[in-house]
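Below you'll find the structure, written out as structure tokens, and then a few comments.
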Amino acid sequence: MSSNPTRPPETTVAGDSEERINRFLATASHDLQSPLRHIAMYAELLLDDLEETLDGEQLQSLRMILEKAQTAQRLTKALMSLAGGAPQVTPEEVDLQALAENVWGELTDKAAVREATLESDGLPSIRTDPALFGLVLRHLLTNALTYRSEASPHVTIAAEREGTDWFIRISDNGTGIDPAYQERIFEPFWKLPKAGAVQGAGLGLTTAREFLTALGGDISLEHSDESGSCFIIRLPIA
């Protein structure tokens, strides 16, 4: 009988990766719930106590803090439910144009990429979960800003209706993805090599795909070369 170790089946490897994802999401989301709850609570208290004494700009800033904390709470709850195997989906009518502009504005402010441009005029309203789909957009737009070329980042978002589905294309003018890596970009904990980049957990595209599956849709890389990349999202209309 041979003593050489045998390679574990692919299903075992995939199962281990999925278990690691679930542990990561559950732990991170659980630990974030308490501070987010307190931020939202104190923002509400300040609004109740100071609303009549604040000027318009101060009031808007405080309301924004409350709104962002509540959004983050919904996202962490969604991540916890994803770790449990069934993401909580709360569909509503979503202004895709406003959502895209909001996510883009937050990302470019955070990254201080003032020269970056977004082309997305005329996007439709869609029925989906705004927290989950907003996170999908955030992952894709973050990648577009991270894997930029020497040119100023430019992202185009376009949507068209085909039959019973929306097809949303997100294109950038970044460095593109090497053909050798294109089959791996949705793998959990795998990160596209980039010199000098701050490495994350490698779960962005993985969770984006999982959220879109929960929403009844999917995502794929339509094309990628030295001129940039284009991802296509399919979402059911109803």
Side-chain angles (χ1 to χ4, degrees), residues 21 75 78 82 87 89 91-108 116-149 151-194 200 202-238:
I21 293 173
L75 287 175
L82 175 62
V89 177
E92 60 184 70
E93 202 68 21
V94 176
D95 184 338
L96 183 56
Q97 179 70 35
L99 179 61
E101 290 177 354
N102 184 45
V103 172
W104 179 258
E106 290 179 0
L107 291 176
T108 51
T117 53
L118 175 68
E119 182 180 344
S120 62
D121 293 339
L123 294 177
S125 291
I126 60 176
R127 185 164 181 79
T128 190
D129 185 302
L132 296 185
F133 195 73
L135 191 57
V136 171
L137 283 180
R138 181 176 295 274
H139 287 314
L140 292 170
L141 296 179
T142 295
N143 284 348
L145 292 172
T146 300
Y147 298 97
R148 55 185 294 186
S149 64
S152 298
H154 180 75
V155 175
T156 301
I157 304 178
E160 61 180 343
R161 177 174 177 167
E162 295 182 15
T164 59
D165 293 311
W166 285 111
F167 288 88
I168 302 164
R169 286 177 170 82
I170 301 179
S171 308
D172 64 56
N173 64 339
T175 56
I177 302 169
D178 190 302
Y181 301 137
Q182 291 183 13
E183 296 296 323
R184 302 196 62 189
I185 58 174
F186 292 103
E187 289 182 13
F189 300 104
W190 186 85
K191 297 175 282 291
L192 187 67
K194 177 178 171 60
L203 289 174
L205 288 175
T206 305
T207 54
R209 183 180 58 184
E210 293 296 326
F211 284 150
L212 286 168
T213 299
L215 295 171
D218 54 47
I219 182 173
S220 61
L221 178 65
E222 188 170 50
H223 78 261
S224 186
D225 54 31
E226 64 277 1
S227 65
S229 302
C230 178
F231 287 85
I232 182 167
I233 295 170
R234 181 190 61 81
L235 274 181
I237 289 175

Measuring from atom [atom1] of [X] to atom [atom2] of [Y], what distance do you get when rounded to the nearest 0.5 angstrom?
| X | Y | atom1 | atom2 | value |
| --- | --- | --- | --- | --- |
| Leu99 | Thr128 | CG | OG1 | 9.5 Å |
| Ser171 | Ile157 | OG | CD1 | 9.5 Å |
| Trp104 | Leu141 | CH2 | CG | 6.0 Å |
| Ile219 | Leu212 | CD1 | CG | 6.0 Å |
| Glu226 | Asp178 | CD | CG | 11.0 Å |

Arg148 vs Thr146, side chain to side chain contact (heavy atoms under 4.5 Å, CB included): CA-CA, chis, key distance, verdict: CA-CA 6 Å; Arg148 55 185 294 186; Thr146 300; over 6 Å; no

Can a donor-acceptor pair be found, under 3.5 Å and without considering hydrogens, that links the side chain of Gln182 to the backbone of Ile177? yes

Quick check: does any side chain N or O of Ser149 sit under 3.5 Å from a backbone N or O of Asn173, one acting as donor and the other as acceptor?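 Yes; judged by distance alone, with no hydrogens or angles, the pair exists.
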
Kindly write out the residues that satisfy salt bridge (charged side-chain N to carboxylate O under 4.0 Å, His left out) with Glu162, not counting sequence neighbours, or none if the list is empty.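 Here no residue qualifies.
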
The criterion is salt bridge (charged side-chain N to carboxylate O under 4.0 Å, His left out); which residues satisfy it with Arg184, sequence neighbours excluded? Glu187

Nearest non-hydrogen partners of [X] and [Y], listed with the distance:
| X | Y | result |
| --- | --- | --- |
| Leu221 | Ser229 | CD1-CB, 4.3 Å |
| Asp172 | Gly174 | OD1-N, 2.9 Å |
| Leu123 | Ala159 | CD2-N, 3.9 Å |
| His139 | Thr207 | NE2-OG1, 3.2 Å |
| Ala116 | Leu145 | CB-CD2, 4.0 Å |
| Phe186 | Ser220 | CZ-CA, 4.3 Å |

Residue pair [X] / [Y], side-chain heavy-atom distance below 4.5 Å:
| X | Y | answer |
| --- | --- | --- |
| Phe231 | Leu205 | yes |
| Val155 | Thr117 | no |
| Asp129 | Glu92 | no |
| Thr206 | Phe211 | no |

For the pair Leu96 and Leu137, evaluate side chain to side chain contact (heavy atoms under 4.5 Å, CB included) and give the outcome as yes or no after the intermediate values. CA-CA 10 Å; Leu96 183 56; Leu137 283 180; 4.2 Å; yes

Residues forming a side-chain hydrogen bond (donor to acceptor under 3.5 Å, both in side chains) with Arg234, sequence neighbours excluded: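 Arg234 satisfies side-chain hydrogen bond (donor to acceptor under 3.5 Å, both in side chains) with Asp165, Asp218 once adjacent residues are dropped.
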
Residues which pass side-chain hydrogen bond (donor to acceptor under 3.5 Å, both in side chains) with Arg127, listed by chain and number, not counting sequence neighbours: none

Mind checking what makes side-chain contact (heavy atoms from CB on, under 4.5 Å) contact with Ser152, not counting sequence neighbours?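 side-chain contact (heavy atoms from CB on, under 4.5 Å) check on Ser152 returns Glu115.
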
Could you work out, with side-chain contact (heavy atoms from CB on, under 4.5 Å) as the rule, every residue matching Glu222, not counting sequence neighbours?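 Expected list: Arg169, Cys230, Ile232.
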
Test side chain to side chain contact (heavy atoms under 4.5 Å, CB included) on Ile168 and Phe133; report intermediate values, then the result. CA-CA 12 Å; Ile168 302 164; Phe133 195 73; 3.7 Å; yes

Apply the test side chain to side chain contact (heavy atoms under 4.5 Å, CB included) to residues Ile233 and Phe167: give CA-CA distance (whole Å), side-chain angles for both, the deciding distance (0.1 Å), then the verdict. CA-CA 6 Å; Ile233 295 170; Phe167 288 88; over 6 Å; no

